[in-house]
Amino acid sequence: MSLRSEIAEQPGVIARLIELGWPEARTLARPLAAAEHLTIAARGSSDNAATYGKYLFESLAGLVTALAAPSLVTRYRTPPSFARGAVIGISQSGAAPDVAAVLAEARASRAPTVAITNQARSLLARTAAETFLLRCGPERSIAATKTYTATCVALALLAANAAESRGRSALSLAGLVESVVEAEAGEREADRMARKIGKARAIVVLGRGYEYATALEAALKIKELARVWAEPYSSADFAHGPIALLETGVPVILFSARGAAQGEARAIARTLHAKGARIYAITTDEGLAEYADDAILLRAPLSEALTPVSFAVSAQLVALSLAKRHGRDVERPRGLSKVTRTR
């Protein structure tokens with residue numbers, strides 16, 4: 001099984017998770033909805049998914065959500081209080097001891113805990129009170145693809161049901177599978193974008209709101225696979241200082257969907273273009289696509305809150321194409337292993 005074949009599995013993985021996971025998410029979300037606040041603990045790609053989860057739970061369910069600092073539990077022995085809160089721990093392998101330590105501390109505080117993992121018998125699953133399985137099947141490639149997008153969908157299912165439990169408007173996942181099918185079929189567009197980016201040694205990656213998590217994950221995939229320094233930012237934060245580092249010809253990959261951040265994305269694209277940057281957009285916004293030097297325009301109708309899932313698939317294909325242009329072995333990324341244990 002290759003990295004490309006695992007990218008291709010994502011429409012089926014997501015369809016299965018929505019079908020089988022929705023009733024389970026409804027049950028798991030009730031104690032989360034009853035909490036006063038939520039904490040999500042994760043590392044690596046799972047931490048990028050957690051950032052997406054933070055935006056989902058706060059915007060949909062109105063639940064204040066923080067990302068845990070696992071080192072406080074494992075290194076400094078000064079765990080935060082989880083009283084009146086709930087905790088989600090995320091690890092595709094379920095083998096993250098620092099994330100498990102956060103869940104154990106939360107359970108000791110009698111906080112509701114949910115593990116999101118692809119491994120039913122893992123450390124994480126054994127530690128949390130409840131487990132939400134990703135149902136991805138084996139993921140053998142070192143770079144996470146289908147487990148990342150499945151984690152994002154799991155968080156969307158939990159947040160949507162938590163919102164409903166709290167009397168707020170629920171999120172419909174209609175069109176999500178179709179949008180992922182469209183993104184996965186866009187290998188030619190991804191190759192074209194990678195060819196135009198060329199062998200640049202540094203890339204700026206930007207997103208705002210829900211797409212900030214996409215920028216984080218896309219940059220990680222480019223680093224892992226192509227070994228190119230890709231620096232991710234919220235586009236708002238980028239404008240507050242790092243923009244001073246921008247040089248003529250630097251490629252900027254910008255993620256933006258139609259919706260709340262659409263106008264800001266167009267504005268930052270104009271600003272960066274005027275400074276000599278080359279703009280590459282992954283977007284549902286035709287106006288931004290027309291303005292960019294090159295774009296992957298996804299047309300399947302989809303809620304703005306869900307576009308980070310399909311955009312992540314497009315980003316995976318761009319990272320894969322960049323890696324090939326740099327002559328990298330994507331099945332054996334240098335210095336990486338499938339499971340990373342940190343404490």
Side-chain angles (χ1 to χ4, degrees), residues 48-49 51-56 58-60 148-149 152 155-156 171 175-176 178-180 182-184 186 189-190 192-194 196-197 200 203-222 230-240 242-243 246 250-319 321-322:
N48 297 336
T51 297
Y52 174 53
K54 172 181 169 64
Y55 278 86
L56 285 172
E58 292 195 348
S59 64
L60 300 178
Y148 174 78
T149 51
C152 290
L155 288 164
L171 172 69
L176 179 56
E178 291 78 5
S179 71
V180 174
E182 179 188 17
E184 191 278 324
E189 290 83 356
R192 184 192 65 222
M193 182 175 288
K196 291 186 177 182
I197 292 172
I203 300 172
V204 174
V205 189
L206 301 180
R208 183 78 188 270
Y210 296 112
E211 304 306 341
Y212 177 45
T214 319
L216 294 172
E217 178 62 13
L220 178 59
K221 284 293 166 285
I222 293 170
E231 192 68 13
Y233 295 95
S234 157
S235 51
D237 289 336
F238 186 72
H240 276 79
I243 194 171
L246 196 70
V250 170
V252 176
I253 300 177
L254 177 60
F255 294 93
S256 177
R258 292 191 303 270
Q262 174 180 319
E264 192 269 352
R266 292 183 181 184
I268 193 73
R270 288 193 294 270
T271 297
L272 299 183
H273 208 275
K275 291 180 176 292
R278 291 178 288 144
I279 307 300
Y280 302 95
I282 297 177
T283 184
T284 58
D285 177 11
E286 291 185 5
L288 178 61
E290 291 174 0
Y291 183 80
D293 292 277
D294 193 30
I296 297 174
L297 177 63
L298 300 180
R299 300 179 183 275
L302 188 64
S303 165
E304 179 188 11
L306 295 172
T307 54
V309 181
S310 55
F311 285 6
V313 177
S314 294
Q316 292 163 6
L317 291 173
V318 171
S321 294
L322 283 171

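Heavy atoms only: backbone and side chains are in, while hydrogens, waters and symmetry mates are out.
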Query raised in the report: Rounded to the nearest 0.5 Å, how far apart are CG of Leu60 and CG of Leu155?
Result: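 The CG atom of Leu155 is 11.0 Å from CG of Leu60, to the nearest 0.5 Å.
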
Query raised in the report: CD1/Ile268 to OH/Tyr233 distance, rounded to the nearest 0.5 angstrom?
Result: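 Reported to 0.5 Å precision, the distance equals 12.5 Å.
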
**Report entry** Audit row: Val250, Leu272, side chain to side chain contact (heavy atoms under 4.5 Å, CB included) steps and yes/no
**Finding:** CA-CA 10 Å; Val250 170; Leu272 299 183; over 6 Å; no

Would you say [X] and [Y] make side-chain contact, with heavy atoms under 4.5 Å?
X: Ile296; Y: Tyr280; answer: no
X: Leu306; Y: Ser179; answer: no
X: Ile203; Y: Leu322; answer: yes
X: Ile197; Y: Ile253; answer: yes
X: Asp285; Y: Arg266; answer: yes
X: His273; Y: Tyr291; answer: yes
X: Phe255; Y: Thr283; answer: no

If you take all heavy atoms of [X] and [Y], which pair is closest and at what distance?
X: Ser256; Y: Gln262; answer: OG-CA, 4.1 Å
X: Ala257; Y: Glu304; answer: CB-CG, 4.2 Å
X: Ala315; Y: Ala218; answer: CB-CB, 3.7 Å
X: Ala277; Y: Leu246; answer: CB-CD2, 3.8 Å
X: Lys275; Y: Ile243; answer: CE-CD1, 3.8 Å
X: Ser310; Y: Ala183; answer: O-CB, 3.4 Å

Judged by atom type as modelled, is there a donor-acceptor pair below 3.5 Å linking the side chain of [X] to the main-chain atoms of [Y]?
X: Asp293; Y: Ile279; answer: yes
X: Glu231; Y: Val205; answer: no
X: Glu182; Y: Ala300; answer: yes
X: Arg208; Y: Ala260; answer: no
X: Ser321; Y: Val318; answer: no

Query raised in the report: Could you go step by step and tell me if Ser235 and Glu264 meet the side-chain hydrogen bond (donor to acceptor under 3.5 Å, both in side chains) rule?
Result: CA-CA 9 Å; Ser235 51; Glu264 192 269 352; 3.1 Å; yes

Query raised in the report: Is any side-chain N of the basic residue among Lys196 and Asp294 closer than 4.0 Å to the acidic one's carboxylate O?
Result: yes

Query raised in the report: Would Glu286 and Arg258 pass as an ion pair if we require N to O under 4.0 Å?
Result: no

Query - Single hit among Ser303, Pro308, Cys152 for side-chain contact (heavy atoms from CB on, under 4.5 Å) with Tyr210 - result: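 For Tyr210, the side-chain contact (heavy atoms from CB on, under 4.5 Å) check succeeds only for Pro308.
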
Query - Steps toward side chain to side chain contact (heavy atoms under 4.5 Å, CB included) verdict (Thr149, Gln316) - result: CA-CA 11 Å; Thr149 51; Gln316 292 163 6; 4.0 Å; yes

Query - Under 3.5 Å side-chain donor-acceptor pair for Tyr52 and Thr214 - result: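 No, no side-chain donor-acceptor contact under 3.5 Å.
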
Query raised in the report: Do Thr307 and Glu211 have a side chain donor and acceptor closer than 3.5 Å?
Result: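 Present: a donor and an acceptor within the cut-off.
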
Report task. Could you walk me through whether Leu254 and Val204 pass the side chain to side chain contact (heavy atoms under 4.5 Å, CB included) test, one step at a time? Result -> CA-CA 8 Å; Leu254 177 60; Val204 174; over 6 Å; no

Report task. With sequence neighbours excluded, tell me which residues meet salt bridge (charged side-chain N to carboxylate O under 4.0 Å, His left out) with Glu58. Result -> Lys54

Requested in this report: For the pair Leu298 and Ser314, evaluate side chain to side chain contact (heavy atoms under 4.5 Å, CB included) and give the outcome as yes or no after the intermediate values.
Outcome: CA-CA 9 Å; Leu298 300 180; Ser314 294; 3.9 Å; yes

